[in-house]
Structures are given as structure tokens and as C-alpha cells.
Amino acid sequence: MSEAVLEVQGLSARYGNVCALHPVDLTLGRGELVAVLGPNGAGKSTLLRAIMGLTAGSGRVLFEGAPLARNDARAVTQQGVILVPEGRGVFGPMTVRENLDLGAYLLGNRAGEIAARLERVFALFPRLKDRQTQLAGSLSGGEQQMLAIGRAMMAGPRLLLLDEPSLGLAPRLAAEILETLGDLNRGGLPILLVEQRAPLALKLAKRAYLLSVGRVVAEVTPDQIASPHDLARYYFAAA
Ligand SMILES: Nc1ncnc2c1ncn2[C@@H]1O[C@H](COP(=O)(O)OP(=O)(O)OP(=O)(O)O)[C@@H](O)[C@H]1O
Ligand SMILES: [Mg+2]
């Protein structure tokens, strides 16, 4: 049996006539946290959305050795592949608690399991516990990101994909959130982390794919990226 949790083979995506993602290959091993780095417009979100089947793409995506059911969002969730989208995607007019409960919708009325997951989320993000009845739209940006990750955890992920969780956050809060992702990963959860803030991501990831103009232009280890110039060299070489 393959050791890979996620295998992406020749995955490409287009918007109309524009090719936003040229065939991409990537793998994520058991318990790994791998980063995808790239400048604005590189195709990072498109890659995650194509993996999930939210953007039409051609190519193969295997999860734990079997094809991911990309034509069926519920089935993807059922398989345990959960995306925390760019911009967080929390439901503003609903409370924190209602947002969290939505994450566990596949559990139906299994109250005991829902309560256990809630406790785990509150242990990760105690601030959410204090704000259960607050409307999600009135949370700070950092709290909304915590809620988005918390909601994903309510789904019982076996693989977590995150699209720029540090976007728009002050450096200290961004670091705090990424540290929490590091804790989740050390607990055994495989994570594919899209980030523009390379230094933050490279603190956690042991490997990173560099995306530029819709292509993977390099696969690097953190020691190969000593300064932003090293990244720019890869990006511009491909542009
Ligand atoms: N729905 C869409 N229709 C047409 N073009 C799109 C659509 N979504 C994205 N694109 C284009 O595809 C390319 C890749 O976009 P994508 O959002 O994947 O980049 P990104 O790396 O996530 O950028 P950012 O860091 O700004 O989030 C861009 O040129 C973008 O304009
Ligand atoms: Mg994006």
C-alpha cells in the first residue's frame, strides 16, 4: 500500500481559455505538513480548489491510495478531506456555535461525538469557547480564522488543506495560528498549507512546493530558502 496520504498527478485547471494551473504533481506523506508557496496569482487557491473538486480540473487526485470523489462535495468531506478556504468562509449572520455545528453536519444528531469535538476545538482555541453566542461576522479577523479552522476540525479531518490562514493578520496572531497548526500536525494530522508568508510556513513545513504562474517551479527544504531573494530567484526564473 502506498505511504502517501495525498497524491496529485498531472492536475491542471483552466478558467475559460486561460490555463491557471499547468499539470501539477505533488505528494503528501503520512503525518507530513507540506507548504505551497507562491506570489499573488500563482494558482495556489486554484490548486487547492481543484484538489477538492471545487474548480474543474483534469488529472488525478488520490487520497490514501484511492481516487478522491471530486464530483461530490459531501463525499469528499466524508472521506475526511477538509479545506479551510481563503477568506475563511465563516457564516457572518450565524453564531460561533452554529458555525461550529455546521462543520459536524455529517454527524447528524450524534450529540456525544459533537460535544467531544467541540471540547477539542475549545481546547485549541479557548477564545471561541467564550464567544459561542457571538455572531461570527462580529469576530476579529484572527478569531474568524480560528473559527474557520475550528469548523474544519469539527468535520473530523484526516487531511486538512488551508488557504493562507495568516492572510490579513498581525504577525503575532499569524504566528500563533500557525503554531496551532503545528500542534495539530504533531498530533498526526497531515496538512497541506498554502501561504504567502514563506518564513512562517517554512518554520513548520519540512518541504515546500514553489508555485509560479501556474506551475510548480521547485520543491525545496527550508534550509534552501535562507532569504526572500532565494524565493524570488525561483519565482522569476519561471516567469
Ligand atoms: N474564477 C476565476 N475566473 C477567471 N480567472 C480566475 C478565477 N479565479 C482565479 N483566476 C485566475 O487564475 C490565476 C490564479 O489565481 P489563484 O486565485 O489560484 O492565485 P493565488 O496563488 O491563490 O493568488 P493569491 O495569493 O492572490 O490568493 C490568476 O491569474 C487569477 O486571476
Ligand atoms: Mg489564493
Side-chain angles (χ1 to χ4, degrees), residues 6 8-28 33-61 68 70-71 73 76 81-90 141-142 144-149 151-152 157 159-171 173-175 177-178 181 191-205 207-220 222 225 227-239:
L6 180 71
V8 171
Q9 300 168 345
L11 185 65
S12 63
R14 46 198 316 109
Y15 298 110
N17 286 331
V18 180
C19 186
L21 194 65
H22 297 272
V24 163
D25 294 322
L26 68 82
T27 62
L28 186 86
L33 187 156
V34 171
V36 175
L37 309 175
N40 287 119
K44 304 182 298 296
S45 298
T46 302
L47 170 63
L48 292 190
R49 292 176 55 81
I51 289 173
M52 297 293 293
L54 299 171
T55 289
S58 30
R60 297 217 312 160
V61 177
L68 188 64
R70 286 183 292 146
N71 55 352
V76 171
V81 181
I82 309 295
L83 170 69
V84 180
E86 187 174 270
R88 297 146 198 162
V90 301
Q144 287 190 16
Q145 188 61 62
M146 293 174 194
L147 179 56
I149 296 171
R151 191 179 59 189
L159 166 64
L160 198 57
L161 313 179
L162 294 117
D163 196 349
E164 300 207 45
S166 80
L167 192 69
L169 303 188
L173 196 53
I177 284 188
L178 265 71
L181 295 178
I191 294 181
L192 187 64
L193 173 65
V194 160
E195 260 299 333
Q196 257 191 78
R197 287 183 175 166
L200 273 186
L202 292 172
K203 267 192 200 157
L204 296 181
R207 283 191 304 127
Y209 292 94
L210 306 188
L211 213 58
S212 179
V213 228
R215 296 177 198 278
V216 170
V217 293
E219 188 191 327
V220 299
I225 308 294
S227 81
H229 297 293
D230 294 324
L231 275 180
R233 201 160 34 83
Y234 285 109
Y235 295 157
F236 292 126

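As the structure lists them, so they are numbered: ligands from 1, and atoms in each ligand from 1. The shown structure was predicted, so the numbers you read here are calculated from the model rather than taken from an experiment. Residue numbers start at 1 and run along the sequence shown. The figures that follow rest on heavy atoms only: side chains count, while hydrogens, waters and symmetry mates do not.
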Chemist: Determine the minimum heavy-atom distance between Pro165 and Leu169, stating which atoms define it.
Modeler: O-CD1, 3.6 Å
Chemist: Look at the side chain of Arg197 and the backbone N and O of Ala174, then say whether any donor-acceptor pair between them is shorter than 3.5 Å.
Modeler: no
Chemist: Where do Gly38 and Gln196 come nearest, in terms of heavy atoms and distance?
Modeler: O-CG, 3.3 Å
Chemist: Note the single closest protein heavy atom to atom 19 (O) of ligand 1, along with its residue, its atom name and the distance in Å.
Modeler: Gly43 N, 3.3 Å
Chemist: Give the residue and atom name of whichever protein heavy atom lies nearest to atom 6 (C) of ligand 1, and the separation in Å to one decimal.
Modeler: Tyr15 CD1, 3.2 Å
Chemist: Please find the N/O/S atom of Glu86 nearest to the Mg ion (ligand 2) and write down its name.
Modeler: OE1
Chemist: List the residues meeting side chain to side chain donor-acceptor pair (under 3.5 Å) with Arg88, not counting sequence neighbours, and say none if there are none.
Modeler: Gln145
Chemist: In Å, rounded to the nearest 0.5 Å, how long is the span from CG of Leu28 to CZ of Arg207?
Modeler: 7.0 Å
Chemist: Could you list the atoms of ligand 1 found under 4.0 angstrom from a heavy atom of Ala42?
Modeler: 19 (O), 20 (P), 21 (O)
Chemist: Can you confirm whether something in the protein, heavy atoms only, sits under 4.0 Å from atom 30 (C) of ligand 1?
Modeler: no
Chemist: Should Leu54 and Leu83 count as side-chain neighbours, where that means a heavy-atom distance under 4.5 Å?
Modeler: yes
Chemist: Do you see an N/O/S atom of Thr46, backbone or side chain, under 2.8 Å from the Mg ion (ligand 2)?
Modeler: no
Chemist: Applying a heavy-atom cut-off of 4.0 Å, say which part of Glu164 lies close to ligand 1: side chain, backbone, both or neither.
Modeler: side chain
Chemist: I need the nearest protein heavy-atom contact for atom 26 (O) of ligand 1: residue, atom name and distance, please.
Modeler: Asn40 ND2, 2.7 Å
Chemist: Which ligand 1 atoms are under 4.0 Å away from a heavy-atom of Ala20?
Modeler: 12 (O)
Chemist: For the 3.5 Å polar cut-off, considering only N or O atoms, please tell me whether Gly38 and ligand 1 meet it.
Modeler: no
Chemist: Going by the side-chain contact (heavy atoms from CB on, under 4.5 Å) test, name the single residue among Val61, Thr55, Val81 that passes it with Arg70.
Modeler: Val61
Chemist: Using side-chain heavy atoms (C-beta onward) and a distance below 4.5 Å, is Ser45 in contact with Val194?
Modeler: no
Chemist: What protein heavy atom lies closest to atom 17 (O) of ligand 1? Include the residue and the distance to one decimal.
Modeler: Ser45 CB, 3.8 Å
Chemist: Just to confirm my output: which protein heavy-atom neighbour is closest to atom 25 (O) of ligand 1, and how far is it?
Modeler: Lys44 NZ, 2.7 Å
Chemist: With the threshold set at under 4.0 angstrom, would you say Pro39 reaches ligand 1 through any of its heavy atoms?
Modeler: yes
Chemist: Check whether any side-chain N or O of Glu195 sits under 3.5 Å from a backbone N or O of Ala35 as a donor-acceptor pair, and report yes or no.
Modeler: no
Chemist: What's the shortest distance from atom 18 (O) of ligand 1 to any protein heavy atom, and which residue and atom give it?
Modeler: Thr46 OG1, 2.5 Å
Chemist: Just need the protein heavy atom nearest to atom 27 (O) of ligand 1, so name the residue and atom and give the distance.
Modeler: Glu86 OE1, 2.7 Å
Chemist: When you measure from the heavy atoms of Gly41 to every atom of ligand 1, does any distance fall below 4.0 Å?
Modeler: yes
Chemist: Examine distances only and state if a side-chain atom of Tyr209 and a backbone atom of Thr27 form a donor-acceptor pair shorter than 3.5 Å.
Modeler: yes
